Chemist: 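Take a look at this one; I'll ask things after.
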Amino acid sequence: MPFTAVAQTQPPAPIVIETAHLSLALAVGQNHKLYQTYLGPKLAAAADYQGLPQRHEAYPPAGTDNLFEPALRVVHADGNPGLALAYVGTETTKTDDAATTIIRLRDPLYPVEVRLHFVAYQREDVIKTWTEIVHHEKKPVVLTNYASAMLHFEASKYYLTQLHGDWAEEGKEVESQLTSGTKVLDTKLGTRAAMYQTASFFLATDRPATETTGNVLAGSLAWTGNFRLAFELDNEQALRVSAGINPYSSQYTLPAGQVFTTPEFIFTYSTQGKGQASRNLHRWARQQGGELDGTLPRLTLLNNWEATYFDFNEPKLDALMGDAAKLGADLFLLDDGWFGNKYPRKDDHQGLGDWQPTTSKLPNGVGHLVQTATKEGIKFGIWIEPEMVNPKSELYEKHPDWVLKLPGRPEDYYRNQLVLDLTNPKVQDFVYGIVDAQLSQGVAYLKWDCNRMITNGYSQYLGKDQSHLYVDYVRGLYRVLDRVRQKYPHVPMMLCSGGGARADYGGLKYFTEFWASDNTDALERVYIQWGFLNFFPSNAIASHVTNWNPQQTLKFRTDVAMSGKLGYDIEVSKMTPAELQFSQQAVKDYKRLSPVIWQGDLYKLRSPYEGNQAALLYVAENQAEAVVFGYNLRTRFHETVLPVKLLGLDPARRYRLTEINLMPGQKSNLPANGQTYSGDYLQKVGVVLSDPEAKALTSHVLEVTAE
Ligand code: DGJ
C-alpha cells in the first residue's frame, strides 16, 4: 500500500458522517490533526459544520502530546514509543442503505498508517466504525493500545447504563453518574468473555435519560472476547469514550505490510431517550446484518436439557420428539450428553471433545434421531461445545498440545474442562470438522456452547507470541465460523456461553440467536430479557418455558418467554391436558404474532426496575398490529396498578384489544379486553394491564389490532 506524503496546505472541508437524524463531524486542523468537532442530532444547515471548535483529537495517538486515554499506542521498530497522526485523505462511497467514509491518517515521521472506517446507515441512524492499522517499518512494530473508536462529548453531566451479572444473573441494568477519572467496563476472561460485563452501554448527557426522554448514545462492541470500554472524564468536563479489544496482556507485534483490523463498534444516538436508541439498534441488527438472517423467521424449538439433563437414551428422545411435534414446535434440540464412547458423557466430567454418539445411549446414531424428527414432521438440532475438552477424553489423550495451559504449572479446571487452542489452524480445522459432520448429516440447528473462561492461558502453537493469544483466539473462532457460514449460510445456530456470556454483535453475525441465561425462572427472566432488549432484538434472545420454578404458573412462564424468541425446555408429557392445550394454542398464537414480535418496534412501557409491574409492546412498522405484555411482579396485597400508556400506535386509528394466552376455560377479566380505543387514547390515557386482584406473578398478553 503506497504512503502518500502529508502535504496539506489548506485544511479540507469538514468531514460529516451522517444518517437521517445523526451526525458525527470531523475537521482537520492547521496542524494537520483530525478533530471530532460534533456528535449529536444532525445540524439543519451544512454550513454550520464549518468553524466548530477543534478541541478533541478524534483518534488520539500515545506518546507525543496526548495527555489522556490514547486510542492507539505504537512502539516503533526502533523502540521509539511516540506516534503522531496527520490527515492524509478521505474516500467516500454510497449505497442506498449506507454511506461509507474512510479517513486516512499517517505519522509524518514513521511509515505508520491508520484508516478510520465509518459506515453510516441512513434509515436506522446507526454508525458502525472500526480502524485499520498498517506500517512499512523495517521490522515489526508493537501495538499496546488499539481502540476500534473514540468518541468525545462535552456535557455538564454523564450517566452510564451498563449490564453486569454472573451465571444465572445476566443482564442486570445499573445506571451511574460518571465522576472525574476513568470508569472501565471490561473483561479479561477470554472465552465466556461477557460473564460479568456486557460490551454494550447507554451514555446519557446532561441528565439521565428515560425510555422516552433525554439525549443518549447507545454503543456496542462486536467482539466475542476481551473488550474494554473506557469512559474518561477530564479536568474540563469533557468525556472520551474509547471502545475496543482489551489490550490487557495483549501487546500485538505487527509485521510490516500486515493490516491489523479492530472489531466494529456500533453506535446510535437518540434525542428521545433510550427506547429510540434500542429501536435503532434492533432495526440495524435485523436489516443490516448485525444478526444472521435478522429478517427471516426463526424456529420454535423444544430442548431436552432441563427435562432430562444427561439422563436419556434413544427411546426417550424418540418420545420427546413426538412431544415436540404435539406441542407444535418446529424443532427438537438435543442438548449435552449425546457423545463419547471410551469416556461416555454421562455427566460433565468426561467425554467433551469426542464427538461420536455414545453407542450405549444412541445405538443408531444421530441419523436415527434425524429420521425420527422427520417422521414427526419436525427438524432436529444438536448441542456442541467444540472449543472445549475434558482431560478425560480421547481427544485430550491424542492431542495434549491442543489445549491452552501454562507449561510447568498444574492444569486449572473449570467445569472439569480445558479450552482448546483456537489460534492453531489444526484446531480450527478440527472444530470446523465437528460442525460440518453434524450439518452434513441433516442436523438442522446447532446450539454452540462455551462453558469456561481462559485461565493459565498459554498456547504451544503461538510460541513466543503469547501476547497474541486473546486476540488470535477470537480471530481463530471467527475463521471457523466464516467457513461454517460459507458452506451453511442459513442454518440457524444459537450462541450459548454457560448462559448469556456471549451476547455480542461479533457473535451475532454468525448466529441467529443467543441463550440469555440458564436462569429460566420467569420472574428473573423479566429482568434478564429487559436488560438484553436494550441492545439486541427480540428474535435474537432465546427465551424458553421451563420447569426451573414450578411454583410459577405455566401461563406466567409462557407469557414471559413469548416476549422474546419463544422455545420450550420442559417435559410436555407431564403437562395436564389443560396445560397442553394452553401451550399448543400459545405456540400457534406465537407463530401468528411472531412477525410483530420479531420485526416490530419495541416500546418498553413500564420497567421492572421501577416498580412491581413490567410492560412492553411490539408494534408492526405499519402500526396495524401490536402485542402487549404485562407482568405483575412482586405485587403487594391490594397494590394499585396504574394504567399503562401504549406507545407506538397510530393516534388516528382505532384499535381492538383482545386478551390471548388464557388457560382453557379462563375468562379475561381485564376491563380493556374486547374494547376498541383510539391510538390517541391508548397512548395518552392507557389501559390497566392487570386483574382487579393484581396478584403477584400473574400476567396478560393482549393483541392489539387496527380496525
Ligand atoms: C450450559 C448451557 O447454558 C445450558 O443451557 C446447557 O446447554 C449446558 N451448558 C449443557 O452442558
Side-chain angles (χ1 to χ4, degrees), residues 165-171 189 191-196 198 224 301-312 317 320 331-340 343-355 357-358 361 380-390 392-393 413-420 434-435 438 443 445-453 492-504 507 511-521 524-525 528-529 532 540-549 557 561 564-571:
D166 197 343
W167 177 76
E169 45 178 316
E170 291 87 342
L189 302 181
T191 49
R192 200 170 176 171
M195 185 162 168
Y196 305 132
T198 304
T224 314
L301 60 88
L302 174 73
N303 189 193
N304 72 313
W305 177 242
E306 282 196 34
T308 67
Y309 294 102
F310 296 92
D311 180 21
F312 57 81
L317 295 182
L320 287 176
L331 176 126
F332 174 76
L333 169 62
L334 172 58
D335 213 285
D336 196 353
W338 58 269
F339 47 87
Y343 303 105
R345 179 87 170 158
K346 57 181 170 42
D347 54 33
D348 61 16
H349 285 80
Q350 62 183 50
L352 203 56
D354 301 345
W355 298 102
T358 308
K361 272 184 182 174
F380 179 77
I382 211 161
W383 177 97
I384 51 173
E385 192 179 6
E387 301 161 69
M388 306 277 159
V389 63
N390 284 130
K392 233 173 149 189
S393 67
Y413 305 127
Y414 183 95
R415 210 191 188 216
N416 317 300
Q417 64 196 55
L418 293 164
V419 183
L420 290 175
I434 296 165
V435 177
Q438 295 312 320
V443 169
Y445 180 100
L446 285 182
K447 175 177 176 182
W448 180 306
D449 207 346
C450 166
N451 280 294
R452 73 157 295 175
M453 64 298 288
M493 302 204 299
M494 182 203 289
L495 183 54
C496 172
S497 186
R502 275 185 166 175
D504 68 80
F511 289 84
T512 44
E513 58 221 69
F514 66 88
W515 184 228
S517 179
D518 279 353
N519 189 340
T520 48
D521 173 296
E524 297 294 333
R525 272 287 180 145
I528 293 168
Q529 292 165 200
F532 286 128
I541 304 176
S543 311
H544 293 181
V545 179
T546 77
N547 253 340
W548 176 294
N549 185 348
R557 288 178 268 157
K565 194 229 153 208
L566 175 72
Y568 285 81
D569 195 340
I570 200 164
E571 283 174 284

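Whatever order the structure lists them in is the order used to number ligands and atoms, beginning at 1. In what follows, every heavy atom counts, from backbone to side chain, and hydrogens, waters and symmetry copies are set aside. As the structure is a computational prediction, the values presented were derived from the model and not from experiment.
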Chemist: Over 60° means perpendicular and under 30° means parallel, so tell me whether W448 and F511 are parallel, tilted or perpendicular.
Modeler: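 Geometry flag for F511 against W448: perpendicular rings.
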Chemist: Tell me, with the steps shown, if N451 and Q417 meet side-chain hydrogen bond (donor to acceptor under 3.5 Å, both in side chains).
Modeler: CA-CA 9 Å; N451 280 294; Q417 64 196 55; 5.2 Å; no
Chemist: Could you grab the distance from atom CZ of F339 to atom CG of L352, nearest 0.5 Å is fine?
Modeler: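 Rounded to the nearest 0.5 Å, the CZ-CG separation comes to 5.0 Å.
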Chemist: Heavy-atom cut-off of under 4.0 Å around ligand 1: list whichever protein residues fall inside it, by chain and number.
Modeler: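 Contacting ligand 1 under 4.0 Å are W305, D335, D336, W383, R415, K447, D449, N451, C496, G498, G499, W515, D518.
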Chemist: Decide if the gap between the ring center of W305 and the ring center of F310 is smaller than 6.0 angstrom.
Modeler: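 W305 vs F310: aromatic centres under 6.0 Å.
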Chemist: Nearest 0.5 Å, please: how far is CG in N519 from CD in E524?
Modeler: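 Between E524 CD and N519 CG, I get 5.0 Å after rounding to 0.5 Å.
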Chemist: Taking atom CG of N547 and atom CD of E306, what is their separation to the nearest 0.5 Å?
Modeler: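 Rounded to the nearest 0.5 Å, the CG-CD separation comes to 8.0 Å.
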